[in-house]
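Quick notes on the structure that follows.
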Amino acid sequence: MGLVPFLPLIDILFIFRKDRRCLHDLIAKSKVIDISKPKELDFSQAD
């Protein structure tokens, strides 16, 4: 019961890792995708 109040804080602090995955992401084996920077789309090869 002693660590339960600190679990959300520990989870949030994981965001500062290089891969930006929190504890809940690691447990769920999910990936974080950065959509803040739009990618350049190349339509020159489009049909």
Side-chain angles (χ1 to χ4, degrees):
M1 188 75 179
L3 285 177
V4 173
F6 297 104
L7 284 178
L9 176 61
I10 294 169
D11 182 43
I12 292 169
L13 289 176
F14 269 72
I15 196 73
F16 297 108
R17 294 168 29 121
K18 185 177 179 181
D19 63 359
R20 314 257 318 155
R21 294 168 69 192
C22 291
L23 186 58
H24 65 268
D25 295 317
L26 296 171
I27 292 170
K29 297 180 182 176
S30 62
K31 294 183 181 182
V32 174
I33 300 171
D34 183 11
I35 61 168
S36 62
K37 299 176 188 173
K39 297 192 185 265
E40 295 293 324
L41 298 176
D42 181 14
F43 293 107
S44 64
Q45 300 293 330
D47 291 330

Check residues 2-9 and write down every donor-acceptor pair under 3.5 Å in which the side-chain atom is one partner and the other belongs to a residue at least two apart or another chain.
none

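- Here the closest non-hydrogen pair linking I15 and R20 is CD1-O, 3.4 Å.
- Atom CD1 of residue I10 and atom NE2 of residue H24 lie 14.5 Å apart, to the nearest 0.5 angstrom.
- Under the salt bridge (Lys or Arg N to Asp or Glu O under 4.0 Å) criterion, R17 pairs with D19, not counting sequence neighbours.
- In terms of modelled atom types and a separation under 3.5 Å, the side chain of R21 and the main chain of S30 share a donor-acceptor contact.
- The two atoms that bring F14 and L23 nearest to each other are CB-N, 3.6 Å, heavy atoms only.
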